Amino acid sequence: MKEPLVGRVYSILNSHFGPLYWWPAKTPFEVMVGAILTQNTSWANVEKAINLLKQNKMLSIKALRQAKLDVIQKNIRPSGFFVQKSERIKRLIGLIDSEFKGSISFMANQPLPQLREMLLATNGIGPETADSILLYALQKPVFVVDAYTRRIFGRIGLLVGTETYEEVRCVFEKNIEAETYNQYHALIVETAKNFCKKRVPLCIECPLSGLKLCNPKLFL
DNA sequence: GCCCAGGTGGGTA
DNA sequence: TACCCACATGGG
């Protein structure tokens with residue numbers, strides 16, 4: 001079937017970009033906040049919000065726990081959807097406090113299935129946000145599926161577009177090593193940022209024939 | 001001025 | 001299940 005392509009694409013992208021050391025954040029909690037702020041939002045706008053939070057010494061679980069909603073909203077305004085996102089940040093902190101003693105390191109020691117279930121049960125945390133938190137903040141072996149993943153692998157022909165989130169995640173998790181989940185998602189985002197808007201012709205080596213397939217009508 | 005961005009949840013048929 | 005829509009800012 002087509003699935004071995006998942007591993008092949010990883011090799012191609014990894015040799016092109018090299019290690020990317022994701023997620024772009026200094027602490028696990030910063031990853032969590034970033035994961036909420038980036039919901040349907042360009043990273044450039046998220047960075048503005050993150051920088052505001054840093055400037056105002058708001059980017060800690062303690063500070064955001066104490067902060068009122070309207071204060072959080074002023075800080076995260078550049079990332080858009082700031083009313084919803086401020087509530088989502090509060091709910092995430094509420095989960096950490098009520099279920100994990102307010103401790104992210106304690107949270108990280110809990111088993112993956114329960115963690116994922118609790119995150120998904122939190123209003124405003126869907127599968128992508130949950131998995132970004134699990135993988136990049138808590139170091140759990142989960143592959144993150146995002147719009148870039150669907151776009152790139154749709155163009156390649158590996159996805160038809162009707163797959164559910166869980167179906168796409170399973171395709172990746174079955175075909176690559178857990179140690180590469182972190183780097184692979186980073187490579188996908190990097191690829192999309194570098195190529196999708198520039199309309200670079202799709203070019204990939206066929207794993208069976210070893211021939212390079214170039215389709216000038218298909219673009220990443 | 002228009003389109004889109006590293007989603008999510010709620011409503012409707 | 002399969003669509004629709006609201007949510008909001010900032011860059012191209």
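From a predicted model like this one, the values you see are computed outputs, not experimental measurements. Per chain, numbering begins at 1; letters A, B, ... match sequence-line order.
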J.: In this structure, how many angstroms lie between the C1' atom of dG7(B) and the CG atom of Asp131(A), rounded?
T.: 13 Å

J.: If you look at every strand shown and take non-hydrogen atoms under 4.0 Å, does Asp146(A) touch a base, only sugar-phosphate, or nothing?
T.: sugar-phosphate

J.: Tell me yes or no: between the side chains of Asn14(A) and Ser11(A), is some donor less than 3.5 Å from an acceptor?
T.: no

J.: Tell me the interatomic distance from Gln84(A), atom CD, to dG9(B), atom P, rounded to whole angstroms.
T.: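 It is 10 Å, rounded to the nearest whole Å.
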
J.: CD1 of Ile36(A) versus P of dG9(B): gap in Å, rounded?
T.: 11 Å

J.: Under 4.0 Å from OP1 or OP2 of dA5(B): is there any side-chain N or O of Arg151(A) that close?
T.: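 So the side-chain polar atoms of Arg151(A) do come within 4.0 Å of the phosphate oxygens OP1 or OP2 of dA5(B), strictly under.
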
J.: Under 3.5 Å, which donor-acceptor pairs link side chains of residues 58-68 of chain A to any protein atom two or more places apart or in another chain?
T.:
unit_1: Ser60(A); atom_1: OG; unit_2: Ala63(A); atom_2: N; d: 3.0
unit_1: Arg65(A); atom_1: NE; unit_2: Asp97(A); atom_2: OD1; d: 3.4
unit_1: Arg65(A); atom_1: NE; unit_2: Asp97(A); atom_2: OD2; d: 2.8
unit_1: Arg65(A); atom_1: NH2; unit_2: Asp97(A); atom_2: OD1; d: 2.8

J.: Do Asn194(A) and Glu190(A) pair up side chain to side chain, a donor and an acceptor below 3.5 Å, judged on atom types alone?
T.: yes

J.: Just call it for Ala44(A): base, sugar-phosphate, or nothing, with non-hydrogen atoms closer than 4.0 Å on any strand.
T.: nothing

J.: Below 4.0 angstrom from OP1 or OP2 of dG11(C), is there any side-chain N or O of Lys48(A)?
T.: yes

J.: Taking atom P in both dA8(C) and dG10(B), compute the distance separating them and give it to the nearest angstrom.
T.: 15 Å

J.: Is Val46(A) touching bases, backbone alone, or none of the nucleic acid, heavy atoms closer than 4.0 Å?
T.: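 Since no nucleic acid heavy atom lies under 4.0 Å of Val46(A), the category is nothing.
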
J.: Between atom CG in Leu119(A) and atom C1' in dG9(B), what is the gap in whole Å?
T.: 17 Å

J.: Please work out if Phe82(A) contacts a base, only the sugar-phosphate, or nothing of the nucleic acid, heavy-atom cut-off 4.0 Å.
T.: sugar-phosphate

J.: Can you check whether Thr129(A) has a side-chain N or O nearer than 4.0 Å to OP1 or OP2 of dT8(B)?
T.: yes

J.: Can you tell me if Arg77(A) and Gln73(A) form a side-chain donor-acceptor pair at under 3.5 Å?
T.: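 Per modelled atom types, Arg77(A) and Gln73(A) side chains form no pair under 3.5 Å.
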
J.: With nearest nucleotide decided by heavy atoms, which residue, Trp23(A) or Thr122(A), maps closer to the 5′ end of DNA chain B?
T.: Trp23(A)

J.: Round to the nearest Å and state the distance from Asn40(A) atom CG to dC5(C) atom C1'.
T.: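 Taking CG of Asn40(A) and C1' of dC5(C), I get 13 Å after rounding.
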
